[in-house]
Protein chains: 2
Amino acid sequence: MKGMTRDRLIDYIRQVLPMSLVQAMKVTVKFHPVPVERNAYVLKASAICNTSYFVEQGVLRSYTYDLDGNEVTTAFFTSGTYCSDLLSFFKRTPAREYIQAITDVRAWAISYADMQESFHTIPEFREFGRLNIVGQYSLLKERMLSNLQETAEKRYSDLIGIYPEILQQVPLKYIASYLGIADTSLSRIRKEALKK
Amino acid sequence: MKGMTRDRLIDYIRQVLPMSLVQAMKVTVKFHPVPVERNAYVLKASAICNTSYFVEQGVLRSYTYDLDGNEVTTAFFTSGTYCSDLLSFFKRTPAREYIQAITDVRAWAISYADMQESFHTIPEFREFGRLNIVGQYSLLKERMLSNLQETAEKRYSDLIGIYPEILQQVPLKYIASYLGIADTSLSRIRKEALKK
DNA sequence: TCCTCCACTTGACATAGGAAAAGAAATACG
DNA sequence: CGTATTTCTTTTCCTATGTCAAGTGGAGGA
């Protein structure tokens, strides 16, 4: 991780909660850089999630299994986003999901213990943490609503519009299961979309 | 609202974050009692949610419309739970949901401005608020996972097992749309369940 | 260069679950 | 009370979408 600066992490923090550079640097104090190899897991189901990540470079996905035993992708984590199983992390309960690197990844990690400590010792961290959770809640809720209110085609084009790296680096079958459709259906959708 | 004590609100706060009775009472300072009549709305889509409620008595539901214009119930709020559109409330964005009382309701309300003030002046409130959001996030995520991983029948029996008042006070069509199935399908499920 | 493995597409087929309609049962109300 | 309204059930029909299986193309390894 030689030469890995905190710039993007600092940008992320200041985007969640505007603050001075000095303050933002204090917030980053307990984050440390980690490389994750393609296909490696940063979390496995039934373990308790002990680490949260800020993704500097690369893509991860979380997934679980549905009723019929099919893999279902529950989220993508691209560069510039926050990656964790917050349910397991904060509630200290066994994870029901796997989180796996799809590409080689560079990330900033913070442990549960360090986060607790920062919460209690760094006021800016406390506020950042709270707003970060609100942001994660919003993402989840917005996704739930768009699943109800948009077609799979719209959700597909929105997804790859906002996160083009997903289309480039993620197999379509993962995208399909994220959208809640079969990979064959996504193929059909893409074919239709081409006509336009 | 004569004779309405803060006991249940205080219980809720101390269950989210254990603290002394005196501390918990301080946290409740900005909450004030409001009655809500059956069928009245506490939030309408496109408005910005300015109030959060703790439900003392009664049931509310939030709903929106899907692609085909069908009403979809997105949540129930029973007595002893926290009721708000957190996405709209914290992000100050127009709500995409309606929140309506299904029965007459007694609730404790807090405005956005008062909550912000309490966040900054009452340390216990700050911590309660943070844990409350984590709790709401967890509810949403757990629901997402159970939608993937359990049958509609299991989700139905879980729901009415945990919140029996819903079965007693809520029309089945609302429960069906909450479960993501047609009301006729819920009828089929209930008929099957009776055989056991 | 060839071979193998994935990723992706395509078409045939099957089916779970929704829509519609109509009746029964329960509830509200004048 | 008796009428109207809503809730719930049940049946029939139908279609959107998933499963399965086969086939194409491209990337990487030996």
Side-chain angles (χ1 to χ4, degrees), chain A residues 37-39 59 61 63-73 76 100-104 146-157 159-160 164-196, chain B residues 37-40 58-59 61 63-73 76 100-104 146-157 159-160 164-196:
Chain A
E37 278 187 11
R38 186 170 129 88
N39 293 329
V59 183
R61 69 169 187 134
Y63 69 90
T64 186
Y65 293 91
D66 72 8
L67 267 174
D68 308 316
N70 304 310
E71 253 186 32
V72 183
T73 297
F76 293 111
Q100 185 181 29
I102 296 180
T103 66
D104 284 344
S146 82
N147 277 336
L148 283 176
Q149 297 182 331
E150 326 279 19
T151 62
E153 176 166 358
K154 175 76 160 40
R155 285 181 288 128
Y156 172 73
S157 66
L159 180 72
I160 64 175
E165 25 178 343
I166 289 180
L167 181 57
Q168 289 149 20
Q169 306 189 306
V170 177
L172 286 190
K173 62 180 174 184
Y174 296 159
I175 299 177
S177 80
Y178 175 82
L179 296 173
I181 59 179
D183 51 357
T184 55
S185 294
L186 182 54
S187 261
R188 291 191 262 248
I189 284 172
R190 282 157 56 91
K191 182 161 66 163
E192 287 308 307
L194 273 184
K195 290 185 186 165
K196 292 168 189 169
Chain B
E37 278 186 10
R38 187 169 126 88
N39 293 328
V59 183
R61 70 168 187 132
Y63 69 90
T64 187
Y65 293 90
D66 73 9
L67 266 175
D68 307 316
N70 304 310
E71 252 186 33
V72 182
T73 297
F76 293 111
Q100 184 182 29
I102 296 180
T103 65
D104 284 345
S146 82
N147 277 336
L148 283 176
Q149 298 182 331
E150 332 266 30
T151 62
E153 176 166 357
K154 174 76 161 38
R155 286 181 288 128
Y156 172 72
S157 67
L159 180 71
I160 64 174
E165 27 179 342
I166 289 180
L167 181 58
Q168 290 149 19
Q169 306 189 304
V170 177
L172 286 189
K173 62 181 174 184
Y174 296 159
I175 299 177
S177 81
Y178 175 82
L179 295 173
I181 59 179
D183 51 355
T184 54
S185 294
L186 182 53
S187 262
R188 287 193 266 244
I189 285 172
R190 282 159 55 91
K191 183 160 66 163
E192 287 308 308
L194 274 183
K195 290 185 185 164
K196 293 169 189 170

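Everything numeric here is computed off the predicted structure, so don't read it as measured data. The chains referred to below are lettered A, B, ... by the order of the sequence lines, with proteins before strands, and numbering in each begins at 1.
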Take the protein atom CG of B:Asp68 and the nucleotide atom P of C:dG18, then report the distance between them rounded to whole Å.
11 Å
Pick base, sugar-phosphate or nothing for B:Ser187, based on heavy-atom distances below 4.0 Å to the nucleic acid.
base
Value in whole Å for how far the C1' atom of C:dA7 lies from CD1 of A:Ile166
18 Å
Closest contact, heavy atoms only, A:Val72 versus A:Ser177:
CG1-O, 3.6 Å
Please report the distance, rounded to the nearest Å, between NZ in B:Lys173 and C1' in D:dT9.
15 Å
Nucleotide D:dC8, atom P - distance to CD1 of B:Ile181 in whole Å:
13 Å
Between A:Asn70 and D:dT19, is there a contact of a side-chain N or O with OP1 or OP2 at under 4.0 Å?
yes
How many Å lie between CG on B:Leu179 and P on D:dC8, as a whole number?
13 Å
How far apart are the C-alpha atoms of B:Leu159 and B:Tyr178, what are their side-chain angles, what is the distance that settles it, and do they pass the side-chain contact (heavy atoms from CB on, under 4.5 Å) test?
CA-CA 10 Å; B:Leu159 180 71; B:Tyr178 175 82; 3.9 Å; yes
Taking only N and O in the side chain of A:Ser185, is any of them less than 4.0 Å away from OP1 or OP2 of D:dG18?
yes
Separation of B:Thr184 OG1 from B:Leu172 CG (nearest 0.5 Å)
11.5 Å
What is the separation between atom CG on A:Leu67 and atom C1' on C:dA16, rounded to the nearest whole Å?
13 Å
Under 6.0 Å from the six-membered ring centre of A:Phe76 and within 45° of its axis: does the NZ or CZ of A:Arg61 meet both?
no
Looking at C:dG17, D:dT7, C:dG11, which one has an atom nearest to any side-chain atom of B:Pro171?
D:dT7
Is it true that A:Arg190 and A:Glu153 have a side-chain N and a carboxylate O under 4.0 angstrom from each other?
no
Specify the separation, in whole Å, of atom CG of B:Asp183 and atom C1' of D:dT11.
14 Å
From the candidates D:dC8, C:dG18, D:dG18, the one with an atom nearest any side-chain atom of B:Leu172 is D:dC8
Euclidean distance, atom CZ of residue B:Arg38 to atom C1' of C:dC29 [Å, nearest integer]
13 Å
Between C:dA12, C:dA19, D:dC20, spot the one nearest the side chain of A:Arg188, thanks.
C:dA12
Closest approach to the side chain of A:Arg190, judged atom by atom: which nucleotide of D:dT12, C:dT9, D:dG18 is it?
C:dT9
